[in-house]
Visitor: 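Encoded as structure tokens, here's the structure I'll be asking about.
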Amino acid sequence: MDPLRPFRSEVESAAKEAFRSMGADVPFEIEVPSTGIADLAVPCFPLAKTLRKAPAAIAEEALSHLPAMTLISRAWAEKGYLNFKVDTSVLASSTVRAVLEEASSYGRGEDRPEKVLLEHTSVNPTGPIHVGRARNPIIGDTLARCMRACGYDVTTEYLVNDVGKQVVLLAWGLENIDPSEVDAVESDKADHRLVPFYRKANQMMEADPEVARQVADMLVRFEAGDAEVIDTVRKTASLMLDGIVQSLSAINVHIDQFTWESDFIKDGSARRVVDELTKCAVCREDKGARYLDLEGCGIHGRGTKFFFTRADGTTLYTTRDIAYHLNKFCRADRAINILGEDQKLGQAQLANALRFLGKDRAPECIYYSFVSLPEGRMSTRKGVVVYLDDLIEEAEERALEEVSKRRTDLSEEKMLEIARNIGRGAVRYNIVRVQPEKQLIFKWEEALNFEGNSAPFVQYAHARACSILRKAGDFDRSADPSVLTNDYEVRLIKELARLPSVIVEAGEKARIHLLPVYCQEVASAFNQFYTYVPVLKGEDMKDARLALVEATRIVLANALITLGLSAPEEM
RNA sequence: GCACACGUGGCCUAGACUGGAUAUGGCAGCAGCCUCCUAAGCUGCAGGUCGGGGGUUCGAAUCCCUCCGUGUGCGCCA
């Protein structure tokens, strides 16, 4: 349940009654003032026109018409606002009790019937995943977690691109390049070991027309359905994919299902898309290649010619993506895609094509801007790149340094475990804390920030709460929380009460960056409480404060888990 | 060139969808706080033309127009 809801409802009905008795039965807003001056406020400015009075006068008059309220301790008029303070004792009781009672499900919404298919990551299996692309799985996995917390039935899916020139080229390289011709890589992960082959193959293709011819030949055989070639390419993609999946699992990203792009060629569904699109009134042909004329469909430039076949009749990526989406629509009520901003045109073409195919559905897309390095855009081929694996490794090392600096009492194994949780969490947190559409320049010192607005800051607050609870042992959980009325306690309780509404906002509106912001605020409120309010030496307040610490621990743990981070008991 | 997105103290960022009170935090800087529940913490100081200009409005970081900057796209690539 949402502990804030009853307060909001009471303000709503009271204000409604007051305005009605003044002759203004109109809708109004209830806001949470950013200044912190009140807990809830109703701006009276919009009513000025209807009532033909100054907002300040309306607020004053409404105040005198307000009915008696039970959950609000104070109401007053100020600068055109009708302000309300919640009864902190009531809030303390209802919030702490709700959190303790609901425990790990506090913040979760009711189950919803909609089935959601969330496609994310889907990076080409031609190299290890780098931090530029890492935004995708982190956003996708976090959104999946937020939506599940909202009660949706979410399945995550990765479309494996095992069709096309790049993978074919890689497969060619593995077959034709002798390992002694490329630089050795010390990594034991397949995706890293294949990089030199990919780079070399690219160079060879550019330099030698014979190589280019061989690759082109392989591609033709692939598209003609040559089982041997398809098998070779798919095995290569699979090898890369294993490495990518390993990297993802290191940052706690799990993919429920994998779909192979070549399947849409094999099962004929891509061909059916071509046949259907060919029947469209806007279908045109240019030297044998077919396209949809999307003039006037909100697309500009050459993109208005949406080619869906080559001159030789073979399909293109977006054509297969249409087949994939038709398939998705059969399996889920909502299809959500996490995509790089470079996909916008393709998705606009896809949405239009789906419309011409008579579908009134389109995927909901979330676009993220690329992460670049201070020296420019990342490129595996050019070697201007920071791999996710390197970032994870660096973050873990840095975390281990920090742990061993402050803990001498732990076993090596325990320290490594803590360092893993901290380092990996920091990587995820630093990416989700920024809105997807903002451009991001990767800087080591920011990615490895372990204080302030970071995962370790939040995890540390959780560990501190655990530490108090560990030392306290058993306590009376039925202690009356309404005695928690000092500023630090109240501020903390107000934060705890917000979790359900933050989860709804994050999951429902895909605004996942609000969750790290919230975590930071809870942790910050708890750290202040921790500094100034004694718990174990809290005398007759001890049990009530322990209940508050327990409630904080639960809220932090639930929020951390929803972010895909661990909630360490010590660090 | 055309289209889409983004621009908030030295750096990163919230607030923008749904206009409303004193613009949120963090990093870096400076000054403090460990006989007391883990100092990955806490407190204070300093730092702002919300990219520029115009408009709408009682009121604009928020909406509209325009210009500038950055990113992305404009392949019979994926």
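Reminder, nothing fancy here: chain letters follow the sequence lines and each chain counts from 1.
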Visitor: Starting the side chain at C-beta, find the nucleotide from B/rG41, B/rA21, B/rU18 nearest to A/N527.
Guide: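 Nearest nucleotide to the side chain: B/rG41.
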Visitor: Among B/rU18, B/rC11, B/rU13, which is the nearest nucleotide to the side chain of A/K509?
Guide: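 In terms of side-chain proximity for A/K509, the closest of B/rU18, B/rC11, B/rU13 is B/rU18.
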Visitor: Counting the atoms with a prime plus P, OP1 and OP2 as sugar-phosphate, which does A/I422 contact under 4.0 Å by heavy atoms, base, sugar-phosphate, or nothing?
Guide: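 Base contact.
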Visitor: So which nucleotide from B/rC76, B/rA21, B/rC17 ends up closest to the side chain of A/A311?
Guide: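 My answer, after comparing the listed nucleotides, is B/rC76.
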Visitor: Between N or O atoms, less than 3.5 Å apart, protein on one side and nucleotides 44-47 of chain B on the other: list the pairs.
Guide:
none

Visitor: Summarise protein proximity over nucleotides 2-10 of chain B in one line of letters, 5' to 3': B for base, S for sugar-phosphate only, - for none, counting protein heavy atoms closer than 4.0 Å.
Guide: SSSBBS---
Visitor: Measure the shortest side-chain to side-chain distance between A/R428 and A/L563 over non-hydrogen atoms and say whether it is less than 4.5 angstrom.
Guide: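 Of all side-chain heavy-atom pairs linking A/L563 with A/R428, none is under 4.5 Å.
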Visitor: I want to verify a distance call: between B/rA21, B/rG73, B/rC42, whose nearest atom is closest to the A/L345 side chain?
Guide: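 Within the option list, the nearest is B/rG73.
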Visitor: In residues 164-172 of chain A, which ones come under 4.0 Å of RNA chain B, going by heavy atoms?
Guide: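 Within residues 164-172 of chain A, the residues near RNA chain B are A/G164.
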Visitor: I need the CG-C1' distance between A/D312 and B/rG75, as an integer number of Å.
Guide: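 In whole Å, B/rG75 C1' and A/D312 CG are 15 Å from each other.
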Visitor: Pull out every protein N or O sitting under 3.5 Å from an N or O of nucleotides 25-27 of chain B, one pair per line with the distance.
Guide:
from, atom 1, to, atom 2, distance (Å)
B/rG25, O2', A/Q520, OE1, 3.1
B/rG26, O2', A/N453, N, 3.1

Visitor: Let me know the distance between CG of A/L339 and C1' of B/rG73, rounded to the nearest Å.
Guide: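 Rounded to whole Å, this separation is 14 Å.
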Visitor: When you check every protein heavy atom under 4.0 Å of nucleotides 56-68 of chain B, what one-letter string (B, S, -) results, 5' to 3'?
Guide: -------------
Visitor: Could you tabulate the donor-acceptor pairs under 3.5 Å formed by side-chain atoms of residues 363-378 of chain A, not counting sequence neighbours?
Guide:
from, atom 1, to, atom 2, distance (Å)
A/E364, OE1, A/R334, NH2, 2.7
A/E364, OE2, A/R334, NE, 2.9
A/Y368, OH, A/R133, NH1, 3.3
A/Y368, OH, A/N136, ND2, 3.3
A/S369, OG, A/E437, O, 2.7

Visitor: Considering only heavy atoms and no angle criterion, is a donor-acceptor pair shorter than 3.5 Å present between the side chain of A/N83 and the base of B/rA21?
Guide: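 Counting by modelled atom types and ignoring angles, a donor-acceptor contact under 3.5 Å is found here.
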Visitor: For A/L316, answer base if it contacts any base atom (sugar-phosphate contacts may also be present), sugar-phosphate if it contacts only those atoms, and nothing otherwise; contact means non-hydrogen atoms under 4.0 Å.
Guide: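 A/L316: backbone/sugar contact only, no base atoms under 4.0 Å.
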Visitor: Go through B/rA21, B/rG41, B/rC76 for me and flag the one nearest to the A/R464 side chain.
Guide: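 Within the option list, the nearest is B/rG41.
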Visitor: What's the base orientation of B/rC34: syn (chi within 90° of 0) or anti?
Guide: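 With its glycosidic angle within 90° of zero, B/rC34 counts as syn.
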Visitor: Any idea which of B/rA21, B/rG73, B/rC37 is nearest the A/A41 side chain?
Guide: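 Out of B/rA21, B/rG73, B/rC37, the nucleotide with an atom closest to A/A41's side chain is B/rA21.
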Visitor: For residues 297-318 of chain A, pull every pair meeting salt bridge (Lys or Arg N to Asp or Glu O under 4.0 Å), keeping only residues two or more places apart or in separate chains.
Guide: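 Checked against salt bridge (Lys or Arg N to Asp or Glu O under 4.0 Å) - neighbours excluded - the pairs reaching residues 297-318 of chain A are A/E223-A/R310.
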Visitor: So, using ring-ring contact (aromatic ring centres under 6.0 Å, His included) as the criterion, who are the partners of A/F264 when residues are at least two apart?
Guide: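 With neighbours one apart ignored, the set is A/Y324.
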Visitor: Can you find a side-chain donor-acceptor pair between A/T259 and A/E157 that sits under 3.5 Å?
Guide: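 Short answer, yes.
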Visitor: Could you check how far NE2 of A/H513 sits from C1' of B/rA16, rounded to whole Å?
Guide: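 Between C1' of B/rA16 and NE2 of A/H513: 10 Å.
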Visitor: Measuring from the side chain of A/E31 (C-beta onward, heavy atoms only), which nucleotide among B/rA16, B/rU43, B/rA21 has the closest atom?
Guide: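 The listed nucleotide nearest to A/E31's side chain is B/rA21.
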Visitor: Closer to the 5' end of RNA chain B via nearest nucleotide, is it A/P534 or A/Q435?
Guide: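 Closer to the 5' end of RNA chain B: A/Q435.
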Visitor: Of all the nucleotides listed (B/rC36, B/rU72, B/rU43), which has the minimum atom distance to the side chain of A/K537?
Guide: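 Comparing B/rC36, B/rU72, B/rU43 against the side chain of A/K537, the answer is B/rC36.
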Visitor: Of A/E550, A/E539, A/E489, which is the lone residue that meets side chain to side chain donor-acceptor pair (under 3.5 Å) with A/R545?
Guide: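 Going through A/E550, A/E539, A/E489 one by one, the side chain to side chain donor-acceptor pair (under 3.5 Å) with A/R545 is satisfied by A/E489 alone.
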Visitor: What side chain to side chain donor-acceptor pair (under 3.5 Å) pairs are there with at least one residue in residues 29-39 of chain A, not counting sequence neighbours?
Guide: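 Listed by first then second residue: A/D39-A/K494.
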Visitor: Strictly by modelled atom types, are A/W76 and A/E78 linked by a side-chain donor-acceptor pair under 3.5 Å?
Guide: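 Side chains of A/W76 and A/E78: pair found under 3.5 Å.
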Visitor: Over how many whole Å does the gap from A/Y291 atom OH to B/rG75 atom C1' extend?
Guide: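 Nearest whole value for this atom pair: 15 Å.
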Visitor: For residues 503-527 of chain A, please give each side-chain donor-acceptor pair under 3.5 Å, one per line with the distance, not counting sequence neighbours.
Guide:
from, atom 1, to, atom 2, distance (Å)
A/E505, OE2, A/R511, NH1, 3.0
A/E508, OE1, A/R112, NH1, 3.4
A/E508, OE1, A/R112, NH2, 3.0
A/E508, OE1, A/Y152, OH, 3.4
A/Y518, OH, A/E495, O, 2.6
A/Y518, OH, A/L499, N, 3.3
A/E521, OE1, A/R498, NH1, 3.1
A/N527, OD1, A/R464, NH1, 2.8
A/N527, ND2, A/A523, O, 3.3

Visitor: With nearest nucleotides of RNA chain B determined for A/S34 and A/A461 from heavy-atom distances, which residue corresponds to the more 5′ nucleotide?
Guide: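 Mapping each residue to its closest nucleotide by heavy atoms, the 5'-most match is A/S34.
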Visitor: If we ignore angles and hydrogens, is there a donor and acceptor under 3.5 Å between the side chains of A/S454 and A/N449?
Guide: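 No pair is found: no donor N or O on one side chain lies under 3.5 Å from an acceptor on the other.
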Visitor: From CD of A/E550 over to P of B/rC37, roughly how many Å is that when rounded to an integer?
Guide: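 About 21 Å, once rounded to whole Å.
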Visitor: Report the distance from atom CD of A/Q349 to atom P of B/rC77, rounded to the nearest whole Å.
Guide: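 Roughly 13 Å, once rounded to whole Å.
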Visitor: Rounding to an integer number of Å, can you tell me how far A/L292 CG sits from B/rC76 C1'?
Guide: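 Between C1' of B/rC76 and CG of A/L292: 14 Å.
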Visitor: Given B/rG15, B/rA21, B/rU43, identify the nucleotide with an atom nearest to the side chain of A/R511.
Guide: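 Nearest to the side-chain atoms of A/R511, counting from C-beta on, is B/rG15.
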Visitor: Look at the side chain of A/F457 and decide which nucleotide, out of B/rG75, B/rG41, B/rU18, has an atom nearest to it.
Guide: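 Closest nucleotide among those given: B/rG41.
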Visitor: Does a side-chain heavy-atom distance below 4.5 Å link A/F45 with A/I58?
Guide: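 A/F45 vs A/I58: side chains apart.
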Visitor: How about A/W172 and A/Q214: does a side-chain donor come under 3.5 Å of a side-chain acceptor?
Guide: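 Judged by distance alone, the side chains do pair up.
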Visitor: Side chain to side chain donor-acceptor pair (under 3.5 Å): which pairs involve residues 283-293 of chain A, sequence neighbours left out?
Guide: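 Of all non-adjacent pairs touching residues 283-293 of chain A, those that pass side chain to side chain donor-acceptor pair (under 3.5 Å) are A/T278-A/R290.
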Visitor: Nearest 0.5 Å please: distance from the OG1 atom of A/T126 over to the CG atom of A/L194.
Guide: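 Here the rounded value is 10.5 Å.
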Visitor: List in numerical order all residues of residues 122-133 of chain A for which some heavy atom is under 4.0 Å away from an atom belonging to RNA chain B.
Guide: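 Within this stretch, A/N124 sit under 4.0 Å of the strand.
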